[in-house]
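Have a look at the structure below, then the notes.
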Amino acid sequence: MNIAALIITADPAVADGLLRLAAAADAHAEVAAGPGDARAAWAWPALVLVGADAAAEVAAAGLPRRGGVVLVAGAATPEAYQAAVRIGAQDVAVLPDHEQWLIDAFAAAGEPDANRATTLCVVGSRGGVGASVLSAALGLAAAGSGLRTLLVDADPLGGGVDLMLGLEGHEGARWPDLAERNGRLNAATLRDTLPSAGELSVLSWRRGESAPITDAAVLSLLDAAARGFDLVVADVPRFPGDIGRAALRAADVTFLLVPAEVRATVAADGLAAALRRDTADLRLVVQGPSPGGLTPGAVTQALGLPVAGAYERDRRLPAAVEEGGLARACRRGPLADFCARLLADLALQPYAYREEAA
């Protein structure tokens with residue numbers, strides 16, 4: 001039975017109120033007037049909400065104990081908590097005080113957390129090294145292999161990753177449109193809202209002055225992204241700000257891109273120390289060629305970081321970025337080959353396959 005929540009109540013006002021909250025969470029809920037109507041569906045939904053009016057009947061019906069049961073009452077009285085114990089409820093929700101909590105509970109029931117995306121961050125050791133290009137190339141390679149991918153622009157002053165992909169004219173939400181988001185965001189809603197091309201979606205910025213994004217909105221968006229995609233790639237600036245730090249803390253792996261240059265390697269040493277405060281797994285990517293003969297091995301030895309690999313700078317890419325043609329340019333070349341190897345090492349699985357295996 002494909003329902004997220006079962007509501008057991010004979011009170012029309014309670015039923016209507018809970019159905020309204022379920023609709024706000026994009027969750028499918030059904031109402032049963034009593035335990036007799038609810039018995040067939042009792043074990044199926046992730047969430048069962050029992051109105052205080054039906055608690056005595058539910059307790060007397062001898063339904064098997066299960067998780068995810070919530071008693072919904074008009075006040076947090078001793079009688080309400082006693083009724084919750086009798087029906088085996090794990091929580092008591094009071095209306096209207098706990099409406100947001102119930103919306104989040106409905107959303108969680110409609111969208112279990114069993115399969116979460118791999119989240120990668122990319123940071124450059126100096127400006128202009130190509131961290132945004134590497135981020136976009138990883139996103140393009142992943143999407144091209146069938147992975148549902150989100151490219152997150154964590155730099156409000158970076159010019160917009162949608163621009164380098166030629167998606168700046170596409171309809172869809174940008175960071176400022178989601179700046180005040182609170183609570184759990186439905187992952188399918190996020191996917192449908194963002195600009196996309198094939199399996200690649202982009203969360204970027206509007207032109208002009210950047211709008212402040214609340215911490216709650218950042219966490220809500222990153223959580224929805226982890227639930228709704230196979231891979232999330234965040235382009236994080238060297239001075240990450242609140243959005244960048246949140247992405248780093250959510251990351252499974254962070255790649256530090258360092259050109260094979262002495263000054264950039266020295267800068268990367270200090271940056272790596274700062275990044276380690278926010279990310280658990282920091283790996284090195286070396287970009288050649290070196291203007292002075294510095295080898296990838298020497299860069300690796302100097303920084304003492306696990307190495308994810310190295311690639312040669314592709315001279316075609318700056319022009320492709322200027323023309324919004326990065327997607328076409330990344331179909332072949334040293335960067336495309338490197339991204340394919342990196343994704344193969346991560347052994348990512350498409351969303352549909354993960355759902356079947358769950």
>> Run T279 and T254 through side chain to side chain donor-acceptor pair (under 3.5 Å) and show every step you take.
In response: CA-CA 7 Å; T279 192; T254 295; 2.7 Å; yes
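- Interatomic distance, C330 SG to M164 CE, rounded to the nearest 0.5 Å: 9.5 Å.
- In this structure the side chain of V152 reaches within 4.5 angstrom of the side chain of W175, judged on heavy atoms.
- Residues satisfying the ring-ring contact (aromatic ring centres under 6.0 Å, His included) test with Y311, not counting sequence neighbours, are F338.
- In summary, R332 and D337 do not engage in a salt bridge, as defined by a charged side-chain N under 4.0 Å from a carboxylate O.
- Scanning all heavy atoms of the two residues, the minimum distance from C339 to A141 falls at CB-CB, 3.9 Å.
- Atoms OG and CZ, on S196 and R148 in that order, are 11.0 Å from each other to the nearest 0.5 Å.
- In this structure, I213 is not a member of the same hydrophobic cluster as L219, with clusters built from ILVMFWY side-chain heavy atoms closer than 4.5 Å.
- Heavy atoms only, all atoms of each residue included: S135 and L151 are closest at O-CD1, 3.7 Å.
- Between the side chain of S220 and the main chain of A216, no donor-acceptor pair closer than 3.5 Å is present.
- Rounded to the nearest 0.5 Å, atoms CG (L231) and CG (L343) are 6.5 Å apart.
- A continuous path of Ile, Leu, Val, Met, Phe, Trp and Tyr side chains, each step under 4.5 Å between heavy atoms, connects L140 with L342, placing both in one hydrophobic cluster.
- Listed by chain and number, the hydrophobic cluster partners of L163 come to none, as no ILVMFWY side chain reaches under 4.5 Å of it.
- The shortest heavy-atom contact between G88 and V69 is O-CB, 4.1 Å.
- The pair D281-R276 does not meet the salt-bridge criterion, since no charged nitrogen lies less than 4.0 angstrom from a carboxylate oxygen.
- Distance alone, capped at 3.5 Å, is enough to place a donor-acceptor pair between the T9 side chain and the D11 backbone.
- Side-chain contact of T118 with D230: a donor-acceptor pair under 3.5 Å is absent, judged by distance alone.
- In this structure, R20 does not pair ionically with D16, as no charged nitrogen and carboxylate oxygen lie closer than 4.0 Å.
- For the pair E199/T149, no side-chain contact is recorded, criterion being any heavy-atom separation below 4.5 Å from C-beta on.
- Counting only distance, with no hydrogens or angles, the side chain of S125 and the backbone of A267 share no donor-acceptor pair below 3.5 Å.
- Side-chain contact check for L203 versus L178: some heavy-atom pair is nearer than 4.5 Å.
- Using a 4.5 Å heavy-atom threshold, the side chains of V58 and I8 count as touching.
- In this structure, the side chain of R126 does not engage the main chain of R238 through any donor-acceptor pair within 3.5 Å.
- For the pair R86 (side chain) and Y81 (backbone), a donor-acceptor distance under 3.5 Å is absent.
- Salt bridge annotation for D278-R245: absent, with no cationic side-chain nitrogen under 4.0 angstrom from a carboxylate oxygen.
- Applying the 6.0 Å contact sphere to CD of E79 captures more than 12 heavy atoms from other residues, nucleotides or ligands.
- A distance of 9.5 Å separates CG in L47 from CG in L18, rounded to the nearest 0.5 Å.
- More than 12 heavy atoms of other residues, nucleotides or ligands sit less than 6.0 Å from atom CD of Q90.
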>> Under the criterion side-chain contact (heavy atoms from CB on, under 4.5 Å), I'd like the reasoning laid out for W101 against L21: C-alpha separation, chi angles, the key distance, then a yes or no.
In response: CA-CA 10 Å; W101 184 91; L21 299 179; over 6 Å; no
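- Cluster membership check: V218 does not share its hydrophobic cluster with V123, using side-chain heavy-atom separations under 4.5 Å among Ile, Leu, Val, Met, Phe, Trp and Tyr.
- Note that CG of L271 and CG of L256 are 5.5 Å apart. Values are rounded to the nearest 0.5 Å.
- What you find for A22 and A29 is that their closest heavy atoms are CB-CB, 3.9 Å.
- What you find for A247 and V236 is that their closest heavy atoms are CB-CG2, 4.3 Å.
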> Under the side-chain contact (heavy atoms from CB on, under 4.5 Å) criterion, do D235 and C121 qualify, and how do the steps go?
Replying inline: CA-CA 6 Å; D235 176 24; C121 287; over 6 Å; no
>> Is there a side-chain contact (heavy atoms from CB on, under 4.5 Å) between V92 and V70? Walk through the geometry before answering.
In response: CA-CA 6 Å; V92 175; V70 177; over 6 Å; no
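- Considering all non-hydrogen atoms of both residues, A80 and L71 come closest at O-CD2, 3.0 Å.
- Taking the side chain as every heavy atom from C-beta outward, L95 and L102 approach each other to under 4.5 Å.
- Both L147 and V122 are part of a single hydrophobic cluster, where members link through side-chain heavy atoms under 4.5 Å apart.
- A distance-only check finds no donor-acceptor pair linking the side chain of R283 to the backbone of L305 [under 3.5 Å].
- Here D153 does not pair with R174 in a salt bridge; the nearest charged N to carboxylate O distance is not below 4.0 Å.
- Looking at heavy atoms from C-beta onward, L275 lies in side-chain contact with L248 at the 4.5 angstrom threshold.
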> Does the pair R206 and D177 meet the rule for a side-chain contact (heavy atoms from CB on, under 4.5 Å), with working shown?
Replying inline: CA-CA 9 Å; R206 295 198 181 281; D177 302 309; 2.6 Å; yes
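- V285 places none of its side-chain heavy atoms less than 4.5 Å from the side chain of V258.
- There is no path of hydrophobic side-chain contacts, each under 4.5 Å, that joins V14 to I87.
- Under a 3.5 Å cut-off, the side chain of R66 and the backbone N or O of W42 do form a donor-acceptor pair.
- When side chains are defined from C-beta on, V202 counts as touching V161, because their heavy atoms get closer than 4.5 Å.
- Note that CG of L165 is 6.5 Å distant from CG of L200, once rounded to the nearest 0.5 Å.
- Within the 3.5 Å criterion, the main-chain N or O of E312 finds no donor-acceptor partner in the side chain of Q287.
- Between the S290 side chain and the A260 main chain, a donor and an acceptor come within less than 3.5 Å of each other.
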